[in-house]
Chemist: 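Below you'll find the structure I mean.
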Number of protein chains: 2
Amino acid sequence: MRGEIINVGTEILIGDILNSNAQYISRELSRIGISIYYHTTVGDNPTRLQQVLQQAKERSDLVVLTGGLGPTQDDLTKESVAELFGLDMILHEESKVKIQGFFQRISAEMTQNNLKQAYMPEGARIIPNDNGTAPGILLEKDNKIFILLPGPPRELIPMFRDFCIPYLQDKSPIKFYSRYYKISGLGESALEDRLLDIIDGQTNPTIATYAKPGEVMLRITANGNTSEEATKLLDEMDHQVMDRIGSWVYAKEDLSLHEVVASMLMEKDCSISVAESCTGGLIAAKLTEIPGISSIFHSGIVCYSNASKSDYLGVKEETLEKYGAVSRECAMEMLAGLLKNNKTKIAVATTGIAGPGGGSEEKPVGLVFVGIAYKGKMEVHEVRLHGNRQQIQERSANMAFNMVRKMLEND
Amino acid sequence: MRGEIINVGTEILIGDILNSNAQYISRELSRIGISIYYHTTVGDNPTRLQQVLQQAKERSDLVVLTGGLGPTQDDLTKESVAELFGLDMILHEESKVKIQGFFQRISAEMTQNNLKQAYMPEGARIIPNDNGTAPGILLEKDNKIFILLPGPPRELIPMFRDFCIPYLQDKSPIKFYSRYYKISGLGESALEDRLLDIIDGQTNPTIATYAKPGEVMLRITANGNTSEEATKLLDEMDHQVMDRIGSWVYAKEDLSLHEVVASMLMEKDCSISVAESCTGGLIAAKLTEIPGISSIFHSGIVCYSNASKSDYLGVKEETLEKYGAVSRECAMEMLAGLLKNNKTKIAVATTGIAGPGGGSEEKPVGLVFVGIAYKGKMEVHEVRLHGNRQQIQERSANMAFNMVRKMLEND
């Protein structure tokens, strides 16, 4: 199936909005074996939109449109698609009731133009929108599939994931299934090295890697005539992959490392405190992104200055003088300082040189000590990280989370 | 001038890469008065790329292409544009020498295919690339301007900003100039309310607002036949705008609020400590994004639990029991705790309910106390913020930074 994506909206063309929908839809369609040949963005202009639609109908089997479904006169997408196929616009009663209900719920007055959103091209199907007033549209006609979705990602993503993907999967005799592996502590190229022969020889399943600072995602996609066939292929590949990189896999779904660690901590009711020098509060900020973390997150000390290391953690002046703040010895005293008040089960400490300044030959930018203490054990790892200031901070924080994960796993 | 953007790369079509270049280029061109009518992404396929180029040449005056300038056989952009205009590819000696020098500098061997990057269509100009090996290309022919840039943003952005924008500005008899105003403490709609008559009546200068959580940017763009003419219009508008919203403007360039505050603190050599409950380390993390902040950032206490508020800041148990952790009284004791060791000039404290859980009728989600102490003065502001957990944390942190800014400004 040949597909293309059309994003409608002048706000994208003047650079007000980053077009993240095109990426999301492309990734999801590629996962179920549909190839996308073009992305086009066009403004809220009837003539240009009609030309773009005409061209798409000629060259593609599947056209996914985003934007232009709102209540204003500028919103033209539905009407333009109806015109393209020579269809009338008809009122969809159920959508009308739903839109009226929405305005009642938020105690706002519904103006007449909001009813525009309840009209659809004759013969189309409604894609329910649980997060906004504009329903999506699915039109199958002349051997073409046109899918129309609202622009805001928080409306579009659940509609696409829960309705469009299953619908498109049903259309195809071949089924595609994917598994995700989230990896920490192993870079993208080191990961590819370990899987090189699998990657080079890939046919079915296919295998792909995606990198972000401090973490890598691996996707394996298999296809078959039945789900059993595809599952069998995925299971076989899973064994091979886990044999080689299993100890770096922290989740088999698309979660961030700190989300996984926070869940583990809350599940085990295991309290944590952190002392952060080079990460400057990043570990605490990531933990406190998670709702409910207050049950186990005791305290975070951002001890950026030497004085605060002494004041709040009791790091000795001799230690700072003899070994410096960026040292294994300092990291150990930071951990001891957190443990002293006896109210935390796990203690984590970071100290390092995030740059760009502050490095020396002996202690270059990127030198970082990450320490963890748990049940009487204390470990401090020394690493030399690459990247700019932000990347070094991000990688140090992820390294700390990974150490907590391993410690809890082996508990 | 009618423009369009073409992004070349299969990696965009399968969703591996977010197309941020299209947004960047659109925003910059719109700033100098060039309208963009289409964005198109096409893969590394010679037939489809040639069709897209042909269409663009027919309908646009300016075509900006990104990607496909690398050394591999997949990189087709230059060759396809040469074919479109019927031009030969010729070797650019200076680029050849530069590419050889690059490989010498990084002590890597240059393979023969890297020389492909030194070829260009006959009659084109080279756009220097200081951050990579692929030079850009500017071709003016048949009354059309084609600009070819490499895909990586850190190469593309300086090339576009320093070479293409001045070049395009020179082509136009009318000059466009912009000024930026960064605003904190005033939402986008409240800002628009205050400027409504100016926004509605805009012709020259034009005025536009861009919102992010916790801050808003205002852009004013004027055009004229000379820079003096445009500057005069900008100055007049500047007076009007500053009269109405001056006290919320924290910078007249595109800087984040925490960058401005960090600069102020470092300039005044004014030390700061923060005690964060609901912001959970976000203020500390933002401060420590800034290189050199260690000279003035003393310490951050992330006191997420009641116990840590007592342990590290001396908040009294009676206070927590009587008023609760989310209270003006607790915020004041947090400030007092930071000041007690007498090593910080400014103290900042946040306590609130970021949600989604933990709210009550009396203390709903979004209730936040932000406190600041400086030179014997202590202020605690109570606010009710809207949004999800992340937005409430982000807005609370920005509110704290804005209070520091005002305190230092009135110092």
Side-chain angles (χ1 to χ4, degrees), chain A residues 7 12-20 22-28 30 35-43 48 52 208 210 273-274 276 279-285 287-289 291-294 297-305 307-308 311-312 341 343 355-358 389-390 393, chain B residues 7 12-20 22-28 30 35-43 48 52 208 210 273-274 276 279-285 287-289 291-294 297-305 307-308 311-312 341 343 355-358 389-390 393:
Chain A
N7 307 103
I12 305 175
L13 293 179
I14 59 172
D16 267 14
I17 286 188
L18 181 63
N19 184 3
S20 62
Q23 183 188 29
Y24 170 75
I25 295 166
S26 291
R27 188 183 282 189
E28 289 303 295
S30 125
S35 300
I36 293 296
Y37 286 85
Y38 306 94
H39 295 171
T40 306
T41 302
V42 62
R48 286 193 286 275
V52 166
Y210 305 85
S273 289
V274 298
E276 305 186 59
T279 51
L282 193 58
I283 298 176
L287 279 174
T288 53
E289 271 176 19
I293 198 74
S294 54
F297 181 35
H298 185 271
S299 51
I301 307 295
V302 185
C303 47
Y304 221 64
S305 66
S308 68
D311 292 352
Y312 291 105
N341 74 10
K343 283 177 188 153
R389 181 176 178 87
Q390 192 207 340
Q393 292 179 324
Chain B
N7 306 105
I12 305 175
L13 292 178
I14 60 174
D16 267 13
I17 286 187
L18 180 63
N19 185 3
S20 62
Q23 183 189 29
Y24 170 75
I25 294 167
S26 290
R27 188 181 281 190
E28 289 303 296
S30 125
S35 300
I36 294 296
Y37 286 84
Y38 306 93
H39 294 170
T40 307
T41 302
V42 61
R48 286 193 286 276
V52 166
Y210 305 86
S273 289
V274 298
E276 305 186 59
T279 51
L282 193 59
I283 298 176
L287 278 174
T288 54
E289 272 175 20
I293 198 73
S294 54
F297 182 35
H298 185 271
S299 50
I301 307 296
V302 185
C303 47
Y304 221 63
S305 65
S308 68
D311 292 351
Y312 291 105
N341 73 12
K343 283 177 188 152
R389 181 175 178 87
Q390 193 206 337
Q393 291 180 325

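Lettering of chains follows the sequences in order, A, B, ..., and the numbering in each one begins at 1. What you see is a predicted model; the values in this text were computed from it and never measured.
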Chemist: Answer with side chain, backbone, both or neither: which region of Ser35(A) has an atom nearer than 4.5 Å to a non-hydrogen atom of chain B?
Modeler: neither
Chemist: Show the nearest heavy-atom pair for residues Thr288(B) and Gln393(A), with the distance to one decimal.
Modeler: O-NE2, 2.9 Å
Chemist: Mind checking whether Ile301(A) and Ile301(B) have side chains closer than 4.5 Å, heavy atoms only?
Modeler: yes
Chemist: Where on Asn19(B) is there a heavy atom nearer than 4.5 Å to chain A: the side chain, the backbone, both, or neither?
Modeler: backbone
Chemist: Measure distances from Ser30(B) to the heavy atoms of chain A and classify the residue's part below 4.5 Å as side chain, backbone, both or neither.
Modeler: side chain
Chemist: For the residue pair Tyr312(A) and His298(B), does the interplanar ring angle fall in the parallel (under 30°), tilted (30 to 60°) or perpendicular (over 60°) class?
Modeler: perpendicular
Chemist: Of the listed residues (Val42(A), Ile293(A), Asp311(A)), which shares the most heavy-atom pairs with chain B below a 4.5 Å separation?
Modeler: Asp311(A)
Chemist: Among the options Thr279(B), Ile14(B), Ile36(B), Leu282(B), pick out the one with the most heavy-atom pairs lying under 4.5 Å from chain A.
Modeler: Ile14(B)
Chemist: So which heavy atom on Arg389(B) is nearest to which on Glu289(A), and how close?
Modeler: NE-O, 3.1 Å
Chemist: Got Leu287(A) and Tyr304(B) here, is their nearest side-chain heavy-atom distance under 4.5 Å?
Modeler: no
Chemist: Out of curiosity, Asp16(B) CG to Gln23(A) CD, how far, rounded to the nearest 0.5 Å?
Modeler: 8.0 Å
Chemist: Under a 4.5 Å heavy-atom cut-off, does chain A meet the side chain of Val52(B), its backbone, both or neither?
Modeler: side chain
Chemist: Just one of Thr40(B), Asn7(B), Thr41(B) clears the side chain to side chain contact (heavy atoms under 4.5 Å, CB included) bar with His39(A), so which one?
Modeler: Thr41(B)
Chemist: Answer with side chain, backbone, both or neither: which region of Ile12(B) has an atom nearer than 4.5 Å to a non-hydrogen atom of chain A?
Modeler: both
Chemist: As an exercise: rank Gly300(B), Gly281(B), Ala284(B), Pro356(B) by heavy-atom pairs under 4.5 Å with chain A and give me the winner.
Modeler: Gly300(B)
Chemist: Taking all heavy atoms of Tyr37(B) and all of Leu13(A), pick out the closest pair and write down the distance.
Modeler: O-CD1, 3.4 Å
Chemist: Does any heavy atom of chain A fall under 4.5 Å from the side chain of Gln390(B), the backbone, both, or neither of them?
Modeler: neither
Chemist: Shorter than 4.5 Å, heavy atoms on both sides: which option in Gly43(B), Cys303(B), Ser299(B), Gly357(B) has the most such pairs with chain A?
Modeler: Ser299(B)
Chemist: Shorter than 4.5 Å, heavy atoms on both sides: which option in Ser294(A), Gly355(A), Gly280(A) has the most such pairs with chain B?
Modeler: Gly280(A)
Chemist: Of the listed residues (Gly292(B), Ala285(B), Pro291(B)), which shares the most heavy-atom pairs with chain A below a 4.5 Å separation?
Modeler: Pro291(B)
Chemist: Heavy-atom pairs under 4.5 Å with chain B are the metric here; pick the option from Glu28(A), Arg27(A), Glu276(A) that has the most.
Modeler: Arg27(A)
Chemist: Find out whether Leu18(B) and Ser20(A) are in side-chain contact, i.e. whether some heavy atom of one side chain is under 4.5 Å from a heavy atom of the other.
Modeler: yes
